[in-house]
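As the structure lists them, so they are numbered: ligands from 1, and atoms in each ligand from 1. Here the structure is a predicted model, which means the values were calculated and not measured. Atom set for the values below is all heavy atoms of this structure, side chains included, hydrogens, waters and symmetry mates excluded.
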Amino acid sequence: MAQKQTILVTGGTGYIGSHTTVELIEKGYNVVIIDNLSNSDKTVLDGIKKIIGTKPDFYQIDMCEPDAVKKIFEKHKDIKAVIHFAASKAVGESVEKPLKYYENNLISLIYLLKAMSECSINQLVFSSSCTVYGQPEELPVTENAPIQTANSPYGNTKQIAEEIIKDIIVSKAELNAVLLRYFNPIGAHPTAHIGELPNGVPNNLIPFITQTAAGIRKELKIFGDDYETPDGTAIRDYINVVDLAKAHVIAIERLLTSKNDRPLEIFNLGTGKGNSVLEMVKTFERATGISFPYTIVDRREGDIEQVWADTTYANEVLGWKAEIPLEETLISAWTWEKKIRNL
Ligand code: UFG
């Protein structure tokens with residue numbers, strides 16, 4: 001049997017990182033996780049073990065310490081590629097604490113890239129976001145759409161991170177990178193052993209819905225019904241986190257088998273379909289049989305009206321497509337919420 005290849009997953013106990021770790025191990029990779037546990041919990045490793053029967057190597061490390069990642073590369077000389085998820089991700093918090101975001105999301109990236117260069121690890125998959133497009137003029141949005149001025153420090157860190165990676169590649173360093181621009185990841189693993197664990201009051205729609213359905217929140221506030229959309233509520237492209245995780249494995253395979261034609265590739269990861277907030281509420285109620293109270297309130301500052309992905313490039317080049325139906329995804333989110341609340 002061919003020797004297993006080892007992948008470093010930063011932020012591997014987080015929401016997308018944990019689902020990607022499961023998919024990587026299922027495909028025969030070894031995974032080494034580093035995470036500072038600032039927005040996740042060690043029990044995630046138990047969840048991973050329940051799904052795939054093995055716990056990945058784990059190090060509680062803060063990537064803002066200059067040599068922290070390098071020490072891991074020196075210890076695990078078989079690491080062949082890195083998937084870099086570790087970052088702070090709350091848009092609202094980033095407006096309040098911009099320095100935290102610039103430090104956590106950019107200093108850590110710089111140290112990672114330096115360590116990769118010094119240890120000759122040249123394959124990188126980076127977590128980017130559709131936030132780089134702002135409100136696109138044309139929908140669905142393609143990877144060639146213009147990047148717009150970010151409307152939060154969080155969004156800005158994703159744009160600057162993309163620029164940093166591009167500049168390194170322009171400098172003719174050995175780096176090969178795949179930038180994955182996520183739309184709105186939702187849902188949980190079908191086993192309900194891992195899922196999203198938001199800190200405090202959730203900012204994102206689906207955790208807020210599942211917590212309201214579970215009786216933890218009084219009601220869902222729908223931010224605005226006066227948008228120029230069919231039902232007046234904002235539209236997003238909600239993608240199942242397991243579908244999203246699978247795209248990372250394909251990106252890694254592509255990098256490790258040198259199938260990438262260019263040192264930098266950028267892919268939208270979404271379903272290609274937009275759903276309004278009200279459609280999400282109705283679909284959740286239909287799929288789970290659970291109703292919950294909601295009210296319409298003012299628009300949330302900084303929200304865009306509508307965005308969904310053109311996924312043609314990922315379909316054609318990666319051979320990847322989101323497959324899990326929305327109803328199934330919402331049921332998985334609800335099953336996970338019930339499990340963590342002992343309902
Ligand atoms: N919404 C509500 N009520 C809530 C929460 C959300 O009506 O309690 C609405 C929002 O106004 C928005 C939609 O549901 O119209 C989705 O909101 P989310 O907060 O779930 O997601 P966003 O699209 O605002 O943000 C997501 C990621 C960000 C990323 C952004 C890129 O969370 O990290 O997509 O567009 F930057």
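Those atoms of ligand 1 with a heavy atom of K221 less than 4.0 angstrom away are 2 (C), 3 (N), 4 (C), 7 (O), 8 (O). For ligand 1, the atoms closer than 4.0 angstrom to any heavy atom of A234 are 15 (O). The distance from ligand 1 to the heavy atoms of C130 drops below 4.0 Å at these ligand atoms: 31 (C), 35 (O). Close approach of ligand 1 to D303 is summarised as follows: ligand atoms under 4.0 Å from at least one heavy atom of the residue are 10 (C), 11 (O), 12 (C), 24 (O). Counting the atoms of ligand 1 from 1 in the order shown, those under 4.0 Å from a heavy atom of I222 are 7 (O).
Annotation: atom 36 (F) of ligand 1 to nearest protein heavy atom, Y154 CE2, 3.0 Å. Here the protein heavy atom with the shortest distance to atom 13 (C) of ligand 1 is Y238 OH, 3.5 Å. Considering only non-hydrogen protein atoms, atom 5 (C) of ligand 1 sits nearest to N203 O, 3.4 Å. When hydrogens are left out, the protein atom nearest atom 20 (O) of ligand 1 is L205 N, 2.8 Å; that is the closest non-hydrogen contact. Closest to atom 22 (P) of ligand 1, if we only count protein heavy atoms, is N184 ND2, 3.6 Å. Of all protein heavy atoms, the one lying nearest to atom 23 (O) of ligand 1 is R236 NE, 2.7 Å. Atom 19 (O) of ligand 1 has its closest protein heavy atom at R300 NH2, 2.8 Å. Of the protein's heavy atoms, V91 CG2, 4.0 Å lies nearest to atom 28 (C) of ligand 1.
A salt bridge is defined here as a Lys NZ or Arg NE, NH1 or NH2 lying under 4.0 Å from an Asp or Glu carboxylate O, and E337 with R341 meets this definition.
Residue V307 does not touch ligand 1, judged by heavy-atom distances below 4.0 Å. At a heavy-atom cutoff of 4.0 Å, ligand 1 is contacted by both the backbone and the side chain of N204. Contact annotation: for K158 versus ligand 1, there are no heavy atoms closer than 4.0 Å.
Scanning for side chain to side chain donor-acceptor pair (under 3.5 Å) contacts around D226 gives R299, with sequence neighbours left out.
Rounding to the nearest 0.5 angstrom, the gap separating the OH atom in Y15 from the CD1 atom in I194 is 9.5 Å. Atoms CG and NZ, from L318 and K246 in turn, are 14.5 Å apart once rounded to the nearest 0.5 Å. A distance of 6.5 Å separates CG in D46 from NZ in K50, rounded to the nearest 0.5 Å. Within the model, atoms CD1 of I324 and OG of S332 stand 7.5 Å from one another, a figure rounded to the nearest 0.5 Å.
In the hydrophobic clustering, where aliphatic and aromatic side chains (Ile, Leu, Val, Met, Phe, Trp, Tyr) are joined below 4.5 Å either directly or transitively, V141 groups with V132, Y133, L139, I147, F183, I235, I304, V307, W308.
Summarising the contacts of atom 1 (N) of ligand 1 with Y133, F183, F223, the nearest heavy atom is found in F223.
Between the side chains of S128 and E162, a donor-acceptor pair is found at a separation under 3.5 Å.
Separation of the Y182 and H248 ring centroids falls under the 6.0 Å cut-off.
The shortest separation from a heavy atom of Y182 to ligand 1 is not under 4.0 Å, leaving the residue out of contact. Distances shorter than 4.0 angstrom occur between a heavy atom of S129 and an atom of ligand 1. Ligand 1 is never approached by Y294 to a heavy-atom distance shorter than 4.0 Å.
Minimum heavy-atom separation, E265 to R262: CG-O, 3.9 Å.
Polar contact check, V277 against ligand 1: no nitrogen or oxygen pair lies under 3.5 Å apart. Residue L220 has no nitrogen or oxygen atom sitting less than 3.5 Å from a nitrogen or oxygen atom of ligand 1, judged on distance alone.
When side chains are defined from C-beta on, D35 does not count as touching F85, because their heavy atoms never get closer than 4.5 Å.
Between Y101 and Y154, the ring planes are perpendicular. Angles over 60° get that label, and only those under 30° would be called parallel.
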### Task
Begin with the C-alpha distance, continue with both residues' side-chain angles, and end with the deciding distance and a verdict on side-chain contact (heavy atoms from CB on, under 4.5 Å) for S94 and K89.
CA-CA 8 Å; S94 79; K89 62 173 186 180; over 6 Å; no
